[in-house]
There are 2 protein chains.
Amino acid sequence: MSTDEESGTRSRTRRAVLAAAAQTLSRDRSATLADIAYAADVSRSTLHRYFSDRDELVAAVVEDSLRVLEESVAAAAIHEGPAIEALRRLVTALVDVGDRLMFLFGDPRVLDGGGGAVDPQESVVDLVRRGRAEGVFDPELSPRWIEQVLHALVYTGVTEAAEGALPRHGVAALVTRTLEHGIGGVRS
Amino acid sequence: MSTDEESGTRSRTRRAVLAAAAQTLSRDRSATLADIAYAADVSRSTLHRYFSDRDELVAAVVEDSLRVLEESVAAAAIHEGPAIEALRRLVTALVDVGDRLMFLFGDPRVLDGGGGAVDPQESVVDLVRRGRAEGVFDPELSPRWIEQVLHALVYTGVTEAAEGALPRHGVAALVTRTLEHGIGGVRS
DNA sequence: CCTCTTTGGGACACGGGAGTCCCAAAAATG
DNA sequence: CATTTTTGGGACTCCCGTGTCCCAAAGAGG
C-alpha cells in the first residue's frame, strides 16, 4: 500500500505506461498491448515486465486513474462554500483530469461491485444533497440523476474538446452553464 | 435498395439476428459472433449464412439502426409547432429507440466519414437553429453543443432505465426537464 | 406426403494477439 | 570507467475468434 520504493528510472517508465494506457484505452478499449506499448514509447517486452497480464495493466490503470481523479476532486474542496460555487470547482476539477475520466467511463464500468456511481466519490453525493438543501438544485431531480448528468456533461465536454470542436479552456464554463441552466439559458 | 423479397422464414431470422446483434453489441462492442448468435437463438453457422463477414454484420446493424432511428424521428414531426414542443417530441422519439441509439453511440462512432453528428439527422440541426431563432434556446450555446448535450442526456436516461435506476416511462420527461432547465430547476 | 429450404453442429485451417524466454545493446549509477 | 539496471527486439508457443465446408436433421410449403 505504501511506496514500494521502486524508484529510479523504473517509476518513470511505469508512469509513462500507465498514462499511455489510459489515453489509448480511452479511445479504443480493445487496443492492442502493442498499441499501448507504442504509445508509451516502450517495447512490448518492457510493458510485460511492468504488467505481466493485460488484466493486471487494466486494473492498474483503473486504480491509478481513480487516484488521480480523487486527488483532483479533493483539491476542489467541494465541502466548502456555497453549493453552486463548489459545483463549479468540481466541474473544473473533473475536466482537468479528462483523459482519466474518459477511460474510467469506458471500460469495466467501474461500478462493478455494486453501489456507487462511476467514481466512489461520496463527497459528490454530499455536494448534491447540500445543493438540494440550499434550494439551488431542482428538488424533483434525484441525487443520482444529478450525478449522472454531471458525468454525462463533463464527458461530452471533454470529448468535444478532444475532437477539437471546442477550445480546451472554455469547456468547464460551458459545462457549468449547461449544467445549471440547461439549454434554455439563464432566463429559462 | 428496395425489398429483395427474400421473405418467408428468412426475413424473420434476419430480423432476429439484427436485433440481437444491436442489443449485444451495445453492451459490449467486442462481443463474439458466437455471443451474438447465442443471443439471437441461432447457430453460428446460420449467422454466417446471413452475414458472411463480421464487418458486414456490423454495417447491417448500423444501417438498420439508422433506419429505425430515422423512422422514429420522422414520426416526431419536429418541423412543426414551437421548437420546445418539437424538442419534447424529439426526446421522446429518441428514448423510444433507446437500444438502437445505444448501439449507434458505442461503435464505429457513426460519424466516420466526416461532418455530421452521430445521426445524419439534418432535421435536428434545423430544430436547434429554429429554437435559437425563437429565443427559447440559450444563444451562447452552439448548435453542435446543444445537439451533443441532447444526445448525452438521452443516452444517460436510457442507460439509467436499462439499469433499473429509473422507470421507463419517466425517462423522456426527466431528460426533457433537465435539458431545458439544467439541474437548477425551472426558476434558475 | 413429398420436396425444397433452412438449420444445427461438428471439423478444420487461418490469423493475430497474448504471454514467455533469451541475449545483446543502451543507459543509469556510483 | 566498471558494474548493474533497464531496455529493445526477435523467436516461439498457445489460445481464441473467425471464416469455410459439409452433412444429417428439422421444418416449411405445396
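All values below come from the heavy atoms of this structure, side chains included, with hydrogens, waters and symmetry mates left out. Model, not experiment: these values are computed from the prediction. So that the names make sense, note that chain A is the first sequence line, chain B the second, and so on, each numbered from 1.
Take B/Gln23 and apply the side chain to side chain donor-acceptor pair (under 3.5 Å) test, not counting sequence neighbours, and it matches no residue. With sequence neighbours excluded, the residues forming a side chain to side chain donor-acceptor pair (under 3.5 Å) with B/Glu71 are B/Arg67, listed by chain and number. In this view, A/Arg88 and A/Glu180 satisfy the side chain to side chain donor-acceptor pair (under 3.5 Å) rule, not counting sequence neighbours. Residues forming a side chain to side chain donor-acceptor pair (under 3.5 Å) with A/Ser142 (at least two apart in sequence, or on another chain): none. For A/Arg130, the salt bridge (charged side-chain N to carboxylate O under 4.0 Å, His left out) partners at least two apart in sequence or on another chain are A/Glu134.
Sorted by first and then second residue, the salt bridge (Lys or Arg N to Asp or Glu O under 4.0 Å) pairs with a member in residues 12-22 of chain A read A/Glu6-A/Arg14; sequence neighbours excluded. Note on residues 45-54 of chain B: no pairs pass salt bridge (Lys or Arg N to Asp or Glu O under 4.0 Å), not counting sequence neighbours.
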(request) Heavy atoms under 4.0 Å is the rule here; annotate nucleotides 21-30 of chain C 5' to 3' with B where the base is hit, S where only the sugar-phosphate is, and - elsewhere. (result) -B-----S--
Tabulate protein N/O versus nucleotide N/O from nucleotides 1-4 of chain C, keeping only pairs under 3.5 Å, one per line.
none

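For the segment residues 32-42 of chain B, residues with any heavy atom less than 4.0 angstrom from an atom of DNA chain D are, sorted by number, B/Thr32, B/Leu33.
Fit an axis to the five pairs at each end of the helix from C/dC1-D/dG30 to C/dG30-D/dC1 and the two axes sit 40° apart, to the nearest 10 degrees.
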Donor-acceptor contacts, no H, no angles, side chain residues 30-38 of chain A, under 3.5 Å, sequence neighbours left out:
from, atom 1, to, atom 2, distance (Å)
A/Ser30, OG, A/Asp28, OD1, 3.0
A/Asp35, OD2, A/Thr32, N, 3.1

